[in-house]
Amino acid sequence: MASRSRRLATLLFSISGGISRGSSDRIARAGALLLSRRISSASSSAAAVVVDDDESGGIYGLGGVLKEYEDYRRSLYGEFTHKALLVDAVGTLLVPAQPTAQIYKNIGEKYGVEYSEAEILTRYRRAYQKPWGQSHLRYVNDARPFWQYIVSASTGCSNSQYFEELYDYFTTEQAWKLCDPEAEKVFKAIKEAGVKVAIVSNFDTRLRPLLRALRCEDWFDALAVSAEVEAEKPNPTIFLKACELLGVNPEDAVHVGDDRRNDLWGARDAGCDAWLWGSEVTSFKQVAQRIGVKV
């Protein structure tokens with residue numbers, strides 16, 4: 001794999017020497033994206049891949065391929081591999097402080113909810129995965145109709161006061177925690193280095209006040225929220241909107257998220273690079289280092 005990636009990079013550079021500058025840039029960027037997809041596919045596999053390098057006689061593992069790719073990006077873009085970082089919210093930047101089913105049950109007991117946490121979780125997953133019939137978007141404005149359906153389907157309780165208490169709770173800082181305790185330091189370093197940062201999230205209009213409550217809204221230059229953009233991941237539109245807000249081309253950005261379909265495939269369909277959180281990268285410091293930012 002390393003030898004193939006290296007030969008592809010060499011081929012792209014050799015081609016670019018004999019054509020116009022604009023065409024060269026387009027070919028090189030397309031090659032970078034192709035290399036990224038090959039590397040991402042390899043790094044997401046369950047087993048580490050080690051191959052023989054026929055050209056050098058050395059042994060290359062995945063780390064060698066990643067370094068080669070990052071060096072290749074820097075040869076195109078300069079000091080950093082990307083000009084912008086796009087970040088998923090729930091599951092990547094933050095997660096519920098307690099299991100959702102536990103919160104549904106604890107708050108719901110005074111409203112007559114009798115289902116166990118396990119049953120609530122099963123019903124929640126089943127309801128969430130069903131197509132939302134009233135709109136092609138789940139999160140429209142404050143998304144109350146969607147969440148009322150989810151809460152009722154999960155708990156069997158349609159009490160409006162119960163729903164409002166749950167809905168308001170998930171807008172507070174007590175309901176959430178950051179996935180990475182070093183996130184603030186890392187995002188500050190990334191922004192100081194001149195790399196632009198945006199949130200790209202399938203969320204309703206509570207996201208902005210939630211980020212303010214968590215005191216992390218200032219970490220980002222822009223927010224592309226599905227309820228505002230009227231497009232949900234994996235629709236490329238929301239990634240393109242984030243790039244537009246940051247003033248960068250899609251190929252200049254890398255997106256980090258925990259969902260293979262919504263985050264990886266969606267970002268790549270938009271022309272962005274993409275890394276899978278929890279597999280290819282497991283901390284924001286690692287993200288910064290791969291971009292080339294020292295923390």
Side-chain angles (χ1 to χ4, degrees), residues 87-181 183 199-214 216 223 225-228 231-235 238 256-266 276-279 282:
V87 181
D88 167 51
V90 179
T92 304
L93 177 67
L94 49 89
V95 290
Q98 296 175 275
T100 300
Q102 181 179 325
I103 297 300
Y104 276 33
K105 179 173 176 56
N106 290 348
I107 294 179
E109 284 179 343
K110 61 184 174 184
Y111 296 100
V113 173
E114 298 180 350
Y115 292 146
S116 67
E117 288 182 31
E119 189 167 2
I120 290 173
L121 179 59
T122 298
R123 294 170 66 95
Y124 176 95
R125 288 173 172 169
R126 185 185 305 131
Y128 198 87
Q129 290 170 359
K130 285 184 178 179
W132 175 233
Q134 299 190 23
S135 169
H136 66 287
L137 298 174
R138 293 171 298 176
Y139 309 116
V140 177
N141 297 321
D142 61 13
R144 269 187 163 82
F146 172 73
W147 286 117
Q148 285 173 332
Y149 158 70
I150 293 295
V151 170
S152 176
S154 301
T155 64
C157 180
S158 300
N159 185 294
S160 60
Q161 289 183 314
Y162 170 48
F163 168 74
E164 290 298 330
E165 186 172 345
L166 266 181
Y167 187 88
D168 291 342
Y169 171 77
F170 281 104
T171 315
T172 67
E173 60 183 306
Q174 290 79 20
W176 302 90
K177 64 180 180 180
L178 295 172
C179 291
D180 185 345
I199 286 285
V200 179
S201 177
N202 288 349
F203 213 109
D204 54 61
T205 50
R206 290 176 295 173
L207 183 58
R208 290 181 184 273
L210 173 60
L211 293 178
R212 283 194 292 271
L214 292 169
C216 60
L223 272 68
V225 185
S226 64
E228 300 171 357
E232 294 179 2
K233 297 181 294 183
N235 189 329
I238 191 170
V256 176
D258 68 307
D259 189 288
R260 189 178 303 278
R261 176 179 178 271
N262 286 345
D263 294 307
L264 259 67
W265 298 350
L276 187 64
W277 179 265
S279 175
T282 56

Distance-only donor-acceptor pairs under 3.5 Å for side chains of residues 116-123, two or more places apart:
{"unit_1": "Ser116", "atom_1": "OG", "unit_2": "Glu119", "atom_2": "N", "d": "3.2"}
{"unit_1": "Thr122", "atom_1": "OG1", "unit_2": "Ala118", "atom_2": "O", "d": "3.1"}
{"unit_1": "Arg123", "atom_1": "NE", "unit_2": "Ala153", "atom_2": "O", "d": "2.9"}
{"unit_1": "Arg123", "atom_1": "NE", "unit_2": "Ser154", "atom_2": "O", "d": "3.4"}
{"unit_1": "Arg123", "atom_1": "NH2", "unit_2": "Ala153", "atom_2": "O", "d": "3.1"}

Residue list, side-chain hydrogen bond (donor to acceptor under 3.5 Å, both in side chains) with Asp180, at least two apart or on another chain: none
Residues forming a side-chain hydrogen bond (donor to acceptor under 3.5 Å, both in side chains) with Ser226, sequence neighbours excluded: none
Where the side chain of [X] meets the backbone of [Y], is there a donor-acceptor pair that is under 3.5 Å apart?
{"X": "Ser279", "Y": "Leu276", "result": "no"}
{"X": "Thr282", "Y": "Gly278", "result": "no"}
{"X": "Arg206", "Y": "Tyr167", "result": "yes"}
{"X": "Glu165", "Y": "Ile107", "result": "no"}
{"X": "Trp265", "Y": "Pro234", "result": "no"}

Residue pairs passing the side-chain hydrogen bond (donor to acceptor under 3.5 Å, both in side chains) test where at least one lies in residues 94-109, sequence neighbours excluded: none
Residue pair Arg261, Asp259: steps toward the salt bridge (charged side-chain N to carboxylate O under 4.0 Å, His left out) verdict: CA-CA 6 Å; Arg261 176 179 178 271; Asp259 189 288; over 6 Å; no
Partners meeting side chain to side chain contact (heavy atoms under 4.5 Å, CB included) with Cys216 (sequence neighbours left out): Leu211, Leu214, Trp219
Residues in side chain to side chain contact (heavy atoms under 4.5 Å, CB included) contact with Asp258, at least two apart in sequence or another chain: Asp88, Thr92, Asp263, Trp277
Euclidean distance, [Y] [atom2] relative to [X] [atom1], rounded to 0.5 Å:
{"X": "Phe146", "Y": "Asn141", "atom1": "CZ", "atom2": "CG", "value": "14.5 Å"}
{"X": "Glu173", "Y": "Leu94", "atom1": "CD", "atom2": "CG", "value": "12.5 Å"}
{"X": "Lys233", "Y": "Leu264", "atom1": "NZ", "atom2": "CG", "value": "10.5 Å"}
{"X": "Trp147", "Y": "Arg138", "atom1": "CH2", "atom2": "CZ", "value": "8.0 Å"}

Whether Tyr128 and Tyr124 hold their rings parallel, tilted or perpendicular, with breakpoints at 30° and 60°: parallel
CZ/Arg125: more than 12 non-hydrogen atoms of other groups inside 6.0 Å: no
